[in-house]
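Below, chain A is the first sequence line, B the second, and so on; all start at residue 1.
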Amino acid sequence: MPELPEVETIARELKKSVLGKKITEVCVHVPVVIRQPSVEQFKKGLTGATIKNILRKAKVLILELSNGKALTIHLKMTGQLVYPGNGKTSRVSFRLSDGKYLDFFDQRLFADLRLLDDWRQLPFIRGLGPEPFDITTEWFFQMLSKKKAKIKPLLMDQTFISGVGNLYAAEALFRAKIDPQRSASSLSDKESALLLKETQATLREAIVHKGSSVDNYVQLTGLPGGYVKYHKVYDREGKPCIMCKTPVKRIVLGGRGTYFCPKCQR
DNA sequence: AATGGGACCTGCGCGC
DNA sequence: TGCGCGCAGGTCCCAT
């Protein structure tokens, strides 16, 4: 599932390969993924526009266009962007001025493509909390101290901290040795400082390895990301903890599968 | 107000 | 072998 490191990987690759190119044709093979505006308006607004800038906010990709509009893409869980693609088997294909296709795939059709006049006004983006890279240890501690919620669902709450999903929340909590079931306000200043540090480090390392290919995530080239082999707890239920050999436990927290070491994480 | 659960969706893995 | 069920999770929405 694409989280901040996966989307950052794709954004960096898009900058290298499609920045400055013009969209010459838009093929919408599966209309349901176009959430805004109508499919006709979407195609009309994109065709002929040049990709002027590419950025990422949390898990959202933003392609700013020469006509002042922006294409936003939220991959949700199974979305993929591939370049160069074949322009045929995708949900949506963008033919570019180099004659190649930027293909959008999405097995489960949860993803969200929009063409917006002002992406900053998109309610989801307006509601995003700061990314883990943008806060200080003092600030983070203050934020946690006001929250009774369990720490792991809170880390995944995009209005609280943005960019972290189920996988990296589990990894960061393991590295900080914090039980995912603890109330956020129960964390000491030292624990919260360590959690922020490990969250940042986990995300950075995942970016270096171009993301985690669980489910469908692939890089823009179609190759898998390389971070899965560094996962310490995620999807390792019953396997020995890498630190103490205790079997990794899986529980459901906030409706999501949560992996942790019951001995190391307190 | 904050939290929990279902809906959205499809493919895969499991058990019978 | 084949079928049906449960599960996977990002976000929205509604109920409590």
Side-chain angles (χ1 to χ4, degrees), chain A residues 1-11 28-36 56-62 72-81 89-92 104-114 116 119 121-129 131-132 143-173 180-186 199 202-203 206 211-218 224-225 227-228 231 233-239 248-260:
Chain A
M1 64 245 45
E3 302 179 28
L4 188 153
E6 289 75 30
V7 181
E8 177 65 21
T9 299
I10 294 169
V28 179
H29 301 114
V30 179
V32 69
V33 297
I34 312 299
R35 313 285 166 166
Q36 189 185 349
R56 175 192 63 73
K57 289 285 165 194
K59 304 175 193 173
V60 185
L61 272 172
I62 301 153
T72 63
I73 302 174
H74 195 312
L75 298 170
K76 299 285 178 81
M77 284 170 300
T78 56
Q80 302 172 325
L81 276 176
T89 55
S90 58
R91 306 300 198 184
V92 180
F104 167 77
F105 297 88
D106 186 22
Q107 178 184 100
R108 292 168 71 180
L109 304 179
F110 281 5
D112 183 319
L113 274 62
R114 294 169 199 265
L116 301 171
W119 62 263
Q121 295 303 315
L122 184 67
F124 178 74
I125 287 180
R126 293 196 65 151
L128 288 172
E131 294 190 3
M143 289 169 71
L144 293 184
S145 66
K146 296 183 201 119
K147 294 286 186 177
K148 276 187 271 186
K150 292 182 174 73
I151 185 62
K152 193 224 174 205
L154 189 62
L155 281 181
M156 295 169 59
D157 179 348
Q158 301 299 297
T159 66
F160 182 75
I161 289 284
S162 65
V164 178
N166 199 37
L167 193 163
Y168 294 110
E171 292 296 311
L173 284 162
Q181 303 165 96
R182 287 204 22 214
S183 162
S185 59
S186 78
T199 301
T202 305
L203 296 174
S212 301
S213 284
V214 296
D215 284 346
N216 294 38
Y217 163 74
V218 290
Y227 196 64
V228 172
H231 292 179
V233 283
Y234 185 79
D235 205 19
R236 297 193 66 247
E237 184 184 14
K239 293 180 181 164
V248 170
K249 202 170 165 187
R250 181 186 184 277
I251 59 172
V252 174
L253 222 50
R256 297 292 167 242
T258 298
Y259 301 89
F260 70 108

Next item on the list: Round to the nearest Å and state the distance from A:Lys148 atom NZ to B:dT3 atom P.
Entry: 8 Å
Margin query: Between C:dT11 and A:Arg35, counting only base atoms on the nucleotide and side-chain atoms on the residue, is there a donor-acceptor pair under 3.5 Å?
Written below: no
Notebook entry, point to check: What about A:Arg108, does its side chain sit under 3.5 Å from the base of B:dG11 through a donor-acceptor pair?
Noted result: no
Next item on the list: Considering only atom P, compute the distance from C:dC12 to B:dG11 and round it to an integer number of Å.
Entry: 24 Å
Notebook entry, point to check: Ring stacking, A:Phe110 with base of B:dC8, under 5.5 Å and under 30°?
Noted result: yes
Next item on the list: Supply the atom-to-atom distance A:Asp235 CG to A:Asn166 CG, rounded to the nearest 0.5 angstrom.
Entry: 10.5 Å
Margin query: In whole Å, I'd like the distance from the CZ atom of A:Arg256 to the P atom of B:dG4.
Written below: 13 Å
Note to self: Under 4.0 Å, heavy atoms only, any strand: does A:Phe105 hit a base, just the sugar-phosphate, or nothing?
What the structure shows: nothing
Note to self: Can you tell me which nucleotide in C:dG10, B:dC9, C:dG9 comes closest to the side chain of A:Glu3?
What the structure shows: C:dG10
Check: Would you say A:Tyr234 reaches C:dG9's phosphate, i.e. side-chain N/O to OP1/OP2 under 4.0 Å?
Finding: yes
Check: Do side-chain atoms of A:Glu8 reach the backbone of A:Lys59 as a donor and acceptor pair under 3.5 angstrom?
Finding: no
Notebook entry, point to check: What integer distance in Å separates A:Tyr168:OH from C:dG9:C1'?
Noted result: 14 Å
Next item on the list: For A:Asp112 and A:Arg35, indicate whether the former's side chain and the latter's backbone hold a donor-acceptor pair under 3.5 Å.
Entry: no
Note to self: Can you tell me which nucleotide in C:dG10, B:dC9, C:dG9 comes closest to the side chain of A:Met77?
What the structure shows: C:dG9
Next item on the list: Give the ring-plane orientation class for A:Tyr259 versus A:Tyr234, where under 30° counts as parallel, over 60° as perpendicular and anything between as tilted.
Entry: perpendicular
Next item on the list: Just call it for A:Gly254: base, sugar-phosphate, or nothing, with non-hydrogen atoms closer than 4.0 Å on any strand.
Entry: nothing
Check: When you match A:Ala149 and A:Arg91 each to their closest nucleotide on DNA chain B, which lands nearer the 5' end?
Finding: A:Ala149
Next item on the list: Could you state the atom-to-atom distance from OH of A:Tyr217 to P of B:dG11 in whole Å?
Entry: 22 Å
Check: Roughly, in whole Å, what's the span from NZ in A:Lys76 to P in C:dC12?
Finding: 7 Å
Next item on the list: Grab the CD1-C1' distance between A:Ile125 and C:dG10 for me, whole Å please.
Entry: 15 Å
Margin query: Taking pairing as Watson-Crick or G-U wobble with both contacts under 3.5 Å, can you name the mate of C:dT1, or confirm there isn't one?
Written below: none
Margin query: Rounded to whole Å, please give me the gap between NZ in A:Lys152 and C1' in B:dG4.
Written below: 14 Å
Check: Taking the same atom, P, in B:dC9 and in C:dC14, what whole-Å distance lies between them?
Finding: 16 Å
Notebook entry, point to check: Is the gap between the ring centers of A:His74 and A:Phe124 under 6.0 Å?
Noted result: yes
Check: Does any N or O in the side chain of A:Thr78 come within less than 3.5 Å of the main-chain N or O of A:Asp106, such that one atom is a donor and the other an acceptor?
Finding: no
Item checked: Residue-phosphate contact under 4.0 Å: A:His74 side-chain N/O, C:dG10 OP1/OP2 -> no
Note to self: Between C1' on C:dT11 and CZ on A:Phe160, what's the gap in Å once rounded to a whole number?
What the structure shows: 18 Å
Note to self: Closest-nucleotide mapping onto DNA chain C: is A:Val252 or A:Gln158 further toward the 5' terminus? I mean the 5' end.
What the structure shows: A:Val252
